*Asks:* 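Structure in structure tokens, see below.
Letters A, B, ... are given to chains in the order of the sequence lines, protein chains preceding strands, and every chain is numbered from 1. Not measured: the values here are computed from a predicted model. Because only heavy atoms are used, hydrogens play no part in the values below, and waters and symmetry mates are left out as well, while side chains stay in.
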There are 2 protein chains.
Amino acid sequence: MTAKHRAIHDELLGRILSGTWAPGAAIPNEVDLAREFEVTRPTVARALGELVKEGLIERRRRAGSRVAERQSREAVLSIPLVRREIEDEGRVYAYRLIEREMLAKPGPLVRALIGPGAALRVKCLHTAEGAPWQFEDRLINLATVPAAERQDFRDRGPNEWLVDAIPFSRATQALSAEPASAEEARRLGIAEGAPVFVVTRRTWLGDDPVTQARLVHPGASYRLIARDRGPG
Amino acid sequence: MTAKHRAIHDELLGRILSGTWAPGAAIPNEVDLAREFEVTRPTVARALGELVKEGLIERRRRAGSRVAERQSREAVLSIPLVRREIEDEGRVYAYRLIEREMLAKPGPLVRALIGPGAALRVKCLHTAEGAPWQFEDRLINLATVPAAERQDFRDRGPNEWLVDAIPFSRATQALSAEPASAEEARRLGIAEGAPVFVVTRRTWLGDDPVTQARLVHPGASYRLIARDRGPG
DNA sequence: GAGTGGTCTAGACCACGGG
DNA sequence: CCGTGGTCTAGACCACTCG
């Protein structure tokens, strides 16, 4: 049994994608659609509401509904734990701590990234089948996450620990292609200046910075897949 | 007036993010929540349904609702038209066609990318404030999009034309960091082998390939921002 | 003012799946 | 079996905004 609101959603989606209803075109109002599909108004409203969330239509009171002019092309980026990313492909994951350093009085650079106050810096390497997969360089705000100080991160990466232990309310990710620094090249076993794929992630709990991570992959062996968002 | 279902959603979201309800913990059933918030059951169902879509909770009949164990970290990638991407920052956009070539009998490489049959290959450059911003190398399937043959793409990029004229039903994107090829380096005004940020996009209409595009940005001046998905 | 979307209620029926 | 989620209906009230 497929739900009526879903069937209606899919039918309308088809009319939009096929071009039957062009961008900018008006869509019948809820009452008419309800009559066409032989359901009540809240049911078509639900289907239309989903299309709004997917960015495919726009609605205004009195003015009615229209197919969105600029189809907002959006994609969803899955950001799994690095361990899962590797093990889900059936490969052997391993983790190695490189450095764990307390920064009691962080310099201006670190403070800009993660705020004043003590911070913990952790560098580590994640490997797949023994080959370097990701070099992680992370700052953790000890004011927000004091428990991090008791973690040695010898057997388990800060990534996994944070996900399990610390809630967060907001995150940003930035993706870039950069030349490998001397250290990154050494850790990843590639040439200095060779392309690396970098994910920079920052998270907050309320207004307090939690952590900032620079996740560096060898460009030659990494690509990130984004699946298109929307039509369920 | 903020909607009740939204207020309830936000309240429950707060309990999850704050850790009041830990991952894996059970959530009261709909009837109890309805009593707590003094609304009817469909209203809490709507709030819970949103949390499911956001990946924050999991629900099973009879078993009830739980906070999701592995918070699926996902981010939404906005993929605007290159023109908008530049003009939205208040910079001057310009476009230049480099090459337009009919491939009546495509070789095996092109066929693998976009299927058998005639194809159109278009190379062009997008600039911001006169500086190279994106080098685009695109294949268009003429069987699916015959109208493309009548376009000269002299004043307007294939990107924009396709968005306006051709619906599609499915798209994939892959992101990678690569060394610039000789041609890419020349077009972008960077050194051969320097890091470039590459977006590879393919779209389909039904089961028929529409287009495949390789969008190449100079790594030094480009980063892609992903905003976190979910709450809000 | 009137037409449209946005939401809520009260009640109902059903499907699923754990005990 | 039967508690839970999943959905739909019929009706209603309101808010917004265009003409």
*Asks:* Which heavy-atom pair separates B/Ala177 from A/Ala177 by the least distance, and what is that distance?
*Replies:* CB-CB, 3.6 Å

*Asks:* Pick the nucleotide of DNA chain C nearest each of B/Ala63 and A/Ser65; which residue has the one closer to the 5' end?
*Replies:*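 Per heavy-atom nearest nucleotide, the more 5' residue is A/Ser65.
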
*Asks:* Could you tell me whether B/Glu89 and B/Arg84 have a side-chain N and a carboxylate O separated by less than 4.0 Å?
*Replies:* no

*Asks:* Would you kindly give the CZ-to-C1' distance between B/Arg62 and C/dA15, to the nearest whole Å?
*Replies:* 14 Å

*Asks:* Between residues 33-43 of chain A and DNA chain C, which residues have a heavy-atom gap below 4.0 Å?
*Replies:*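 Output list: A/Arg41, A/Pro42.
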
*Asks:* I want to check one thing: is the phosphate of C/dT7, taken as OP1 and OP2, less than 4.0 Å away from some side-chain N or O of B/Arg46?
*Replies:*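 Yes, because at least one side-chain N or O of B/Arg46 sits under 4.0 Å from OP1 or OP2 of C/dT7.
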
*Asks:* DNA chain C: B/His5 or B/Arg61, which has the more 5' nearest nucleotide?
*Replies:* B/His5

*Asks:* In whole angstrom, what separates B/Ile27's CD1 from D/dT4's P?
*Replies:*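 Interatomic distance, CD1 of B/Ile27 to P of D/dT4: 14 Å.
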
*Asks:* Can you tell me how far C1' of D/dG6 sits from NZ of B/Lys53, to the nearest Å?
*Replies:* 13 Å

*Asks:* Quick one: is B/Arg59 getting a side-chain N or O under 4.0 Å of the D/dG5 phosphate, OP1 or OP2?
*Replies:* yes

*Asks:* Could you walk me through whether A/Glu87 and A/Arg91 pass the salt bridge (Lys or Arg N to Asp or Glu O under 4.0 Å) check?
*Replies:* CA-CA 5 Å; A/Glu87 290 183 345; A/Arg91 309 164 74 188; over 6 Å; no

*Asks:* Throw together a table of side-chain donor-acceptor distances under 3.5 angstrom for residues 131-148 of chain A, partners on residues two or more places apart or in other chains.
*Replies:*
| residue | atom | partner | partner atom | Å |
| --- | --- | --- | --- | --- |
| A/Gln134 | NE2 | A/His217 | NE2 | 3.1 |
| A/Glu136 | OE1 | A/His126 | NE2 | 2.6 |
| A/Glu136 | OE2 | A/Arg138 | NE | 2.6 |
| A/Glu136 | OE2 | A/Arg138 | NH2 | 3.1 |
| A/Asp137 | OD1 | A/Arg121 | NE | 3.2 |
| A/Asp137 | OD2 | A/Arg121 | NH2 | 3.0 |
| A/Arg138 | NH1 | A/Thr211 | OG1 | 3.1 |
| A/Asn141 | OD1 | A/Ala143 | N | 2.8 |
| A/Asn141 | OD1 | A/Thr144 | N | 3.3 |
| A/Asn141 | ND2 | A/Ile114 | O | 3.2 |
| A/Asn141 | ND2 | A/Thr144 | OG1 | 3.4 |
| A/Asn141 | ND2 | A/Pro209 | O | 3.2 |
| A/Thr144 | OG1 | A/Pro209 | O | 2.7 |

*Asks:* Hey, does the side chain of A/Arg60 come within less than 4.0 Å of D/dC18's phosphate (OP1/OP2), counting only N and O?
*Replies:* yes

*Asks:* Write down the distance between CZ (B/Arg66) and C1' (D/dG5), rounded to a whole number of angstrom.
*Replies:* 15 Å

*Asks:* Regarding A/Glu30 and A/Arg41, does a basic nitrogen lie under 4.0 Å from an acidic carboxylate oxygen?
*Replies:*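 Result for this pair is yes, salt bridge flagged.
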
*Asks:* Test side chain to side chain donor-acceptor pair (under 3.5 Å) on B/Arg202 and B/Thr172 and set out the steps.
*Replies:* CA-CA 5 Å; B/Arg202 308 178 68 180; B/Thr172 63; 5.5 Å; no

*Asks:* Mind running side chain to side chain donor-acceptor pair (under 3.5 Å) on B/Thr200 and B/Arg214 for me, showing each step along the way?
*Replies:* CA-CA 5 Å; B/Thr200 307; B/Arg214 177 179 168 88; 4.9 Å; no

*Asks:* Could you tell me whether the phosphate oxygens of D/dG6, OP1 or OP2, come under 4.0 Å of any side-chain nitrogen or oxygen in A/Lys4?
*Replies:* no

*Asks:* When the distance from CZ of B/Arg6 to P of C/dC8 is rounded to whole Å, what number comes out?
*Replies:* 11 Å

*Asks:* Let me know the distance between CD1 of A/Ile57 and P of C/dT4, rounded to the nearest Å.
*Replies:*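 Spelled out: CD1 on A/Ile57 to P on C/dT4 is 15 Å.
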
*Asks:* Rounded to the nearest Å, what distance is computed from the CG atom of residue B/Asn29 to the P atom of nucleotide D/dC2?
*Replies:* 17 Å

*Asks:* Please give, in whole Å, the distance from D/dC8 P to A/His9 NE2?
*Replies:* 13 Å

